[in-house]
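Letters A, B, ... mirror the listed sequences (proteins, then strands); counts begin at 1.
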Amino acid sequence: MQNQFLDPAIKWEENGESLKIYTPKEFSFRQNLKYLSRSPNECLFEATEDKIIRALSLHNETVLIEITAENDTMLVVRFLADTASREKEAVVKYVYEWFDLGTDIRPFYDLAKRDPILHNFVHHFFGLRIMGIPDLFEALAWGIMGQQINLAFAYTLKRRLVEKFGTFVEHDGRKYWLFPKPEAIAHLQIKDLTELKMTGRKSEYLLNAAKLLLHDELSKEQLLQTNNVKEVEKILTKIRGIGPWTANYVLMRCLRFPNAFPIDDVGLHNSLKLALERDEKPVKEEILSFSEGWAEWKSYATFYLWRLLY
DNA sequence: CGCCAGGGTGTGA
DNA sequence: TCACACCATGGC
């Protein structure tokens, strides 16, 4: 059941009320679930030991889906809360992109095997993918909110924003929240966001990002028109509040550039400190020299290194 | 209580 | 270009 609007590489089929999406050999649902379960304060989906439930906003409808895996050869998507979709292709596309199923990560594993740092642990996380943030506004907002604060507090800020300005689908007495659209944020006042305990600066950055997206002065499609990572980084860092870290974070988790590299990331520094069994975090010059060996797979190297922290 | 947190901007040399 | 102050709040 292929569709002309979907990447023909996506293999999927409709099976009764569920959708089945075939996964590559280098994919482990369990490994990705572990990543998704890292915060008890996550508000955009529910990840348990064997399934994920989340709401999705498509063009003309909102659905609530449950994702499970069968034999690690396919993902199975079911519609909950009576939200059977008419936009099945869009659901398949979202899930495919979220799990980064379109990337052949075998070259990364070949590279990691010979890497002095990566070879020690990458095999422990076999099948882990860079879990994405397909929505550009959500990715930018998450990046901005996460600047210079600990991750636990970042999750709290996200929850406050979502529960104040987002929408939800109810199922079994639980609310499944959707990240607010740019139009729900763009017209707010700074005060509306500082009330959530974001700093004044972050509030400005977030409002500005919402306005750019709302007015189509920035879009995922536009950013994906070039495949030059440095060029897109330049476009993003021209935006006030988006520096090298946020730009590369978005390049990695939303725009899916495999060679994006948030070198200023404190988590990455701590991961390397742990991986190298050092007492101090490595300095930037040293990290640069490590990353030379990661070539076109810096984002995957970073994501696997992060896994050492939890 | 003190240190640090998945940074970014603005300033001054 | 590069160091440095400042932002400002919470987790631990």
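For Asn270(A) and dA5(B), the shortest distance from a side-chain N or O to OP1 or OP2 is below 4.0 Å. Contact between the side-chain N/O atoms of Lys281(A) and the OP1/OP2 oxygens of dA5(B) is found at a separation under 4.0 Å. Considering only side-chain N and O atoms, Thr156(A) lies nowhere under 4.0 angstrom from the phosphate OP1 or OP2 of dG10(C). Between Arg201(A) and the phosphate of dC6(C), there is no side-chain N or O to OP1/OP2 separation shorter than 4.0 Å.
Remark: C1' of dG10(C) and CZ of Arg159(A) are 16 Å apart, rounded to the nearest angstrom. We find that CG of Asn248(A) is positioned 13 Å from C1' of dG7(B), with the value rounded to whole Å. One can place CG of Asn41(A) at 16 Å from C1' of dC12(C), the figure rounded to the nearest angstrom. The nearest whole Å value for the distance from the NZ atom in Lys273(A) to the P atom in dA5(B) is 9 Å. One can place CD of Glu204(A) at 14 Å from C1' of dC6(C), the figure rounded to the nearest angstrom. Residue Gln147(A) contributes atom CD, which lies 14 Å from atom C1' of dT9(C) at whole-angstrom precision. Computed from coordinates, the Lys202(A) NZ to dC6(C) P distance equals 19 Å when rounded to whole Å. Protein atom NZ of Lys284(A) is 14 Å distant from nucleotide atom P of dT1(C), rounded to whole Å.
For the side-chain contact (heavy atoms from CB on, under 4.5 Å) test with Leu206(A), the passing option among Leu157(A), Leu193(A), Leu188(A) is Leu193(A); the others fail.
The list of ring-ring contact (aromatic ring centres under 6.0 Å, His included) pairs with a residue in residues 149-169 of chain A, not counting sequence neighbours, reads Trp142(A)-Tyr155(A), Phe168(A)-Trp177(A).
Nucleotides dT9(B) and dG10(C) place their P atoms 23 Å apart, quoted to the nearest Å. Annotation: dA8(C) and dT11(B) have their P atoms spaced 15 Å apart (nearest Å).
Taking the ring axis of Trp98(A) as reference, the NZ or CZ atom of Arg54(A) stays within 45° of it and closer than 6.0 Å to the ring centre. Because its NZ or CZ atom is not both nearer than 6.0 Å to the ring centre of Phe99(A) and within 45° of the ring axis, Arg129(A) does not count as a cation-pi partner of that residue.
Distance check: Leu272(A) CG to Glu280(A) CD gives 14.0 Å after rounding to the nearest 0.5 Å.
Considering only the side chain of Tyr205(A), dT9(B) comes nearest among dT9(B), dG11(C), dT9(C).
Backbone-only engagement by Pro244(A) is indicated by non-hydrogen atom pairs under 4.0 Å involving sugar-phosphate atoms exclusively. Contacts of Gly143(A) with the nucleic acid, taken as non-hydrogen atoms under 4.0 Å apart, are absent. If you check every strand for non-hydrogen atoms under 4.0 Å, Asp264(A) touches sugar and phosphate atoms only. Within the 4.0 angstrom heavy-atom criterion, no nucleotide atom of any strand lies near Ile263(A).
Taking the centre of each ring, Tyr176(A) and Phe45(A) stay at or above the 6.0 Å mark.
Residue whose closest nucleotide on DNA chain B sits further toward the 5' end, between Ile242(A) and Ala152(A): Ala152(A). For the pair Arg240(A) and Leu268(A), both in contact range of DNA chain B, the more 5′-proximal nearest nucleotide belongs to Leu268(A).
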